[in-house]
There are 2 protein chains.
Amino acid sequence: MDNIKKKLQEKGLKITPQRLAILQALMSNKSHPTAEMIMEYIRVNHPNIATGTVYKVLDTFIEHQIIKKVQTEKDVMRYDAIMDHHHHLFCSESERIEDYVDIELDELLQAYFIKKGIPDFKIEDIRLHVNGKFLRIE
Amino acid sequence: MDNIKKKLQEKGLKITPQRLAILQALMSNKSHPTAEMIMEYIRVNHPNIATGTVYKVLDTFIEHQIIKKVQTEKDVMRYDAIMDHHHHLFCSESERIEDYVDIELDELLQAYFIKKGIPDFKIEDIRLHVNGKFLRIE
DNA sequence: TCTTAAAAGAGAATAAATCTTATTTAGGGT
DNA sequence: ACCCTAAATAAGATTTATTCTCTTTTAAGA
């Protein structure tokens, strides 16, 4: 929790109970939750947090690079508190999304694109979207 | 245009002026348009097409694998009529999205994952989301 | 402790997408 | 070519996620 406070302070953000609750919710949840799911989770301890506040706080976090949006095909946004470079595994039968970290792969891709490049495009970041099926239930 | 008709027939879909217009719009537009943009485009020749029809037709096309949704961070859906395996280049400063085809890369990835695999996950499809900047204006 | 800019609350407003119901139409069968 | 019917479209109300506006509250530096 102190670690969460430090994160906000580093970015020059005021420490509020709402921000702490939302960031804590995000960091304890690896399932890339929606704003809805975050609200549900924090309403246990913060019954009167406003919907708009949650969206606003999430936007603030994104702006300050504390969290990221996850790109999906659905019209509900999902959020990710893990900022280290990683890829995503998407379940083709459910809404499940998991992180996939693979430094060896990153090096392979980096080497490939340094050698080959993409015409008229300056690469900043490469993310894999791996679609498939999870063989074990979460 | 006959080619578009054939596409619908192959999937057992009725050929309607609305479907032809929407698919034609999608195939002539490489910018991964939104439903809104498609409507604007086809309203020139089809002034009284209903919004709901456009969404319905797009869903039907997705269901029959004639088009695909593009995963973005925004809450407007974008559509792609190119079904051959390809990746996407995302502009970090605008809404521009372009296709990126690279068979050599696909082979590299395939070889990598056949060798290495992902624990408890059966890969069906791998897409790269390459973020960066376009060095030439469209 | 005081001050004030920043943040949160409440709920109205917006925008994309979906749903409902009535009407129309494509295309197979006669 | 003409029916017939299931499928498709039109129109517009509705839903859902998200954003906006305005007022009140609060964090944290002076």
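To find a chain, count down the sequence lines: A is the first, B the second, and so on, and within it residues start at 1. Note that this is a predicted model, so its numbers are computed, not measured.
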**Asked** Are a donor atom and an acceptor atom from the side chains of H88(A) and D99(A) found within less than 3.5 Å of each other?
**Response** yes

How long is the line joining [atom1] of [X] and [atom2] of [N], in whole Å?
X	N	atom1	atom2	value
E36(B)	dT18(C)	CD	C1'	15 Å
D59(B)	dA16(C)	CG	P	16 Å
L58(B)	dA17(C)	CG	P	9 Å
K74(A)	dT16(D)	NZ	P	16 Å
D75(A)	dT14(C)	CG	P	20 Å
I22(B)	dA8(D)	CD1	C1'	11 Å
I38(B)	dA16(C)	CD1	P	13 Å
E73(B)	dA16(C)	CD	P	18 Å

**Message:** Does dT18(D) have OP1 or OP2 under 4.0 Å away from a side-chain N or O of Y55(A)?
**Reply:** yes

Are more than 12 heavy atoms, taken from residues, nucleotides or ligands other than [X], located less than 6.0 Å from that residue's [atom1] atom?
X	atom1	result
K116(A)	NZ	yes
K56(B)	NZ	no
L135(A)	CG	yes

**Prompt:** Parallel, tilted or perpendicular for F121(A) and F134(B), by the 30°/60° rule?
**Reply:** perpendicular

**Prompt:** What do you reckon, are the aromatic ring centroids of H129(A) and F90(A) less than 6.0 Å apart?
**Reply:** yes

**Complete:** Between T34(B) and I15(B), whichever has its closest DNA chain C nucleotide further toward 5' is T34(B)

**Request:** Scan nucleotides 6-13 of chain C nucleotide by nucleotide, 5' to 3', and note B when protein non-hydrogen atoms come under 4.0 Å of the base, S if they reach only the sugar-phosphate, - if neither.
**Result:** SSSBS---

